[in-house]
2 protein chains.
Amino acid sequence: MASDQTRSAILAAAERLYADRGFGDVTLRDIVAEADVNLAAVNYHFGSKDELIAELFVTRSIATNRERLRELKAAEEQGGGRAPIEVILRALVGPTLRGCLGPENQRSTAARFMIRASIESVPPIRRIKNREIDHLRKFANAMRRALPERSDEEIYWGLHFALAMAHHTIRESERLTKLSDGRCDLDDVDAIIERVVSVAATALTAGKATGKAPARVAVR
Amino acid sequence: MASDQTRSAILAAAERLYADRGFGDVTLRDIVAEADVNLAAVNYHFGSKDELIAELFVTRSIATNRERLRELKAAEEQGGGRAPIEVILRALVGPTLRGCLGPENQRSTAARFMIRASIESVPPIRRIKNREIDHLRKFANAMRRALPERSDEEIYWGLHFALAMAHHTIRESERLTKLSDGRCDLDDVDAIIERVVSVAATALTAGKATGKAPARVAVR
DNA sequence: TTGCAATTCAAACAGTTGTATGAAACTATC
DNA sequence: GATAGTTTCATACAACTGTTTGAATTGCAA
C-alpha cells in the first residue's frame, strides 16, 4: 500500500472515532482497527498519538482560520481598508459556526470532530489553541480601524464576547435545545450568526465611548 | 483515625491536585499520597474514582446554585414577584464569576478546581451539568416575568449568551489577558459581572420585541 | 535482477491504571 | 474484656496504555 494511503486512512479513522466517541475513550488500537492498518503505523507516520491528534486539529483549524481571514480581507478591501464592525464580526464567528452547526444528521465528520475538540480540550489541542493569539490580533486590529473612537479594552472585550457566544453555542447546542424545548432553532446557522454578530456589535457600539465599563445598575 | 477525617482528607487532597494539575494526569495514587491515606480508602469511602470527582463537583456547584437562587429570590421578593432583568442576570452570573475569578494569587482551591472543571469537562462532571437544566429554568421563568413582552426564544437566547460570556471568561481568562496585553482587567470581578450583565441585558431589551432574530446587516 | 530504502507487521515491552481482597487494627457497645 | 462492626492496610489483580523492536515485505531505481 502506498505510504500516504495508510497515513490518510489513519487520519480518517481517527477523526471519525474521535468525533463519535470523544478523545477520552478512543485508543490507538481502536483507530488502527477502524483504519485496518498495523498498530505501529501510527507511530511510524505521526511519531505519537498526540501528534496525530494535533495534525487532525491543525488541519481543520487552518481551514477555518483561512476562511476567516479571506472574509476579513475581502471586506476590508471592499471598504477601502475599513470594514463595518458587523462584517468583521461575521468573518470572525461565521466560519466557525458554519463549520460546526447545522442540521445534526448532515454534519460532517470534520464538524463533529471540531465540536469534540471544543468540548473536551485535550493537551495537544490546547497547545495549538494557545498559538491562535496572533490570528485573533488581526481581528482586533480590524475592529480598531472600524471603531477608532473605542478604547482597546472595549475592543478586546467585544472580541472576547463574540467568541464566547459562538463557542458556547457550539459547546452547548444540545443543552440549549433541551432548555428551550426546541424553541431556539440550532439548525438555522445563518440566523445564529446574525444573532451573535448583532449582540456583539451592540456591545461594542452602545453607550458612551469612555473606555470604561458601563455604570452599575443601582438595584439590589 | 476517625472515618470522616480520612474522607475529608481525600476530598481536600483530590481537589487541590485536580485544581493544580487537571483531571488528566492525577491518579488515585497521587491523591492518596497527598492525603497520606491508603490506596483502598478511596474505593472504600467513595466507591470509585468517578464518584469522588462527582462528589467534589456536586458540593461546589450546589453552593454556587444555592447562592444564585438566594440572590434571585431576594430580588424577586423585594420587587413583589418581579425583579429587573439586570438583577436576575446578576444573580445568574455573579456567583459563578465571583467564585472563579479574582486576583490569581488569592484564588481558593475551590475556585481553581471549578475553573478546571469548566475547562476539562470529564464524564462524571458532564453528567452532573446535564442535570442543571431545571435550575436554569427557574432563571428563564424569572426573566420571562421581567420581560413579558419578549418571546420565549429571545429569553432563552439571552440566558444562553449570558452564560456564554461568563463561562468563556472563566475558561479563557488567561488568553484574554495575553491577547489584550493586560488591558482587560481580569481581577476586577465586579466590573466583569457588570459588563456581562450589561451586554446580556441590552441583547434582551434592544430592538423590537418581535421574537425574531435581528435583521441581517446588508453589507458583505 | 540486484540493491537499497521505505513501509508493514507481529510481538513484546514497560509502565500505569482503577479496583478487589482478605487479613489486621481499631472503635464502640454490652 | 469479649464481641461486633468499621475502617485501614499491604498486596495483588487484571486489563489496558502508548511505544519500540527487529524481522519481513514491498516498491523503486540502477
Side-chain angles (χ1 to χ4, degrees), chain A residues 1-58 113 116-117 120-128, chain B residues 1-58 113 116-117 120-128:
Chain A
M1 192 190 286
S3 133
D4 35 350
Q5 278 188 36
T6 302
R7 241 189 93 89
S8 45
I10 292 173
L11 285 169
E15 186 167 46
R16 205 172 331 138
L17 288 177
Y18 285 140
D20 286 345
R21 296 165 25 195
F23 297 99
D25 50 277
V26 172
T27 70
L28 285 189
R29 283 167 179 83
D30 294 332
I31 294 172
V32 299
E34 177 88 357
D36 199 33
V37 301
N38 187 271
L39 173 60
V42 173
N43 287 276
Y44 178 78
H45 285 282
F46 298 94
S48 70
K49 187 195 188 182
D50 276 10
E51 290 174 84
L52 166 61
I53 294 179
E55 173 151 345
L56 279 170
F57 184 71
V58 164
F113 173 82
R116 283 286 178 192
E120 297 196 10
S121 176
V122 288
I125 290 186
R126 228 167 318 165
R127 275 193 287 273
I128 295 163
Chain B
M1 192 191 286
S3 134
D4 35 349
Q5 278 189 36
T6 302
R7 241 189 94 90
S8 45
I10 292 172
L11 285 169
E15 186 167 47
R16 204 171 333 137
L17 288 178
Y18 284 140
D20 287 343
R21 298 168 19 199
F23 298 99
D25 49 276
V26 172
T27 70
L28 286 189
R29 282 167 179 82
D30 293 331
I31 294 171
V32 299
E34 177 89 358
D36 198 35
V37 301
N38 187 270
L39 172 59
V42 173
N43 287 276
Y44 178 79
H45 285 283
F46 298 94
S48 71
K49 186 194 190 184
D50 277 10
E51 290 175 84
L52 166 61
I53 295 179
E55 173 151 345
L56 279 170
F57 184 71
V58 164
F113 173 82
R116 283 286 179 190
E120 297 197 10
S121 177
V122 288
I125 290 184
R126 226 167 320 164
R127 276 193 286 274
I128 294 164

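Below, chains carry the letters A, B, ... as their sequence lines are ordered, and counting in each starts from 1. Just the heavy atoms: all of them, side chains too, but no hydrogens, waters or symmetry mates, feed the values below.
One can place CG of Leu28(B) at 9 Å from P of dT17(C), the figure rounded to the nearest angstrom. In this structure, Leu39(A) atom CG and dC16(D) atom P are separated by 14 Å, rounded to whole Å. The separation between Asp25(B) atom CG and dG15(C) atom P is 19 Å, rounded to whole Å. We find that CG of Leu52(A) is positioned 14 Å from C1' of dT19(D), with the value rounded to whole Å. Atom CD1 in Ile10(A) sits roughly 12 Å away from atom P in dT7(C) (whole-Å rounding). Rounded to whole Å, the distance from CD on Gln5(B) to P on dT27(C) is 10 Å. What separates CG of Asn43(A) from C1' of dG18(D) is a distance of 7 Å, to the nearest Å. dG18(C) atom P lies 4 Å from atom NZ of Lys49(B), rounded to whole Å.
Counting only heavy atoms from C-beta on, Thr27(B) has its side chain closest to dT16(C) among dT16(C), dA12(D), dA11(C). Closest approach to the Ala40(B) side chain among dT21(C), dT19(C), dT8(C) is made by dT21(C) (side chain taken as heavy atoms from C-beta onward). When each of dT11(D), dA12(C), dC9(D) is scored by its nearest atom to the side-chain atoms of Asn38(B), the top-ranked nucleotide is dC9(D). Here the nucleotide nearest the side chain of Tyr44(B), chosen from dT8(D), dT19(C), dT8(C), is dT8(D).
Under 4.0 angstrom from either OP1 or OP2 of dT8(C) there lies at least one side-chain N or O belonging to Thr6(A). Checking the phosphate oxygens (OP1, OP2) of dA6(C), no side-chain nitrogen or oxygen of His45(A) falls inside 4.0 Å.
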- Query: How far apart are the C-alpha atoms of Glu55(A) and His45(A), what are their side-chain angles, what is the distance that settles it, and do they pass the side chain to side chain contact (heavy atoms under 4.5 Å, CB included) test?
  - Reply: CA-CA 11 Å; Glu55(A) 173 151 345; His45(A) 285 282; over 6 Å; no

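Taking for each of Gly47(A) and Asp30(A) the nucleotide of DNA chain D with the nearest heavy atom, the 5'-most of the two is the partner of Asp30(A).
Atom-to-atom distance recorded for Asp30(B):CG and Asp25(B):CG is 8.0 Å, nearest 0.5 angstrom. The distance from the CG atom of Leu52(A) to the OH atom of Tyr18(A) is 5.5 Å, given to the nearest 0.5 Å.
The minimum heavy-atom distance between Arg126(B) and Arg116(A), with the atom names listed, is NH1-NH1, 4.2 Å.
The aromatic rings of Phe113(B) and Phe23(B) sit perpendicular to each other, their planes meeting at more than 60°, with 30° as the lower class boundary.
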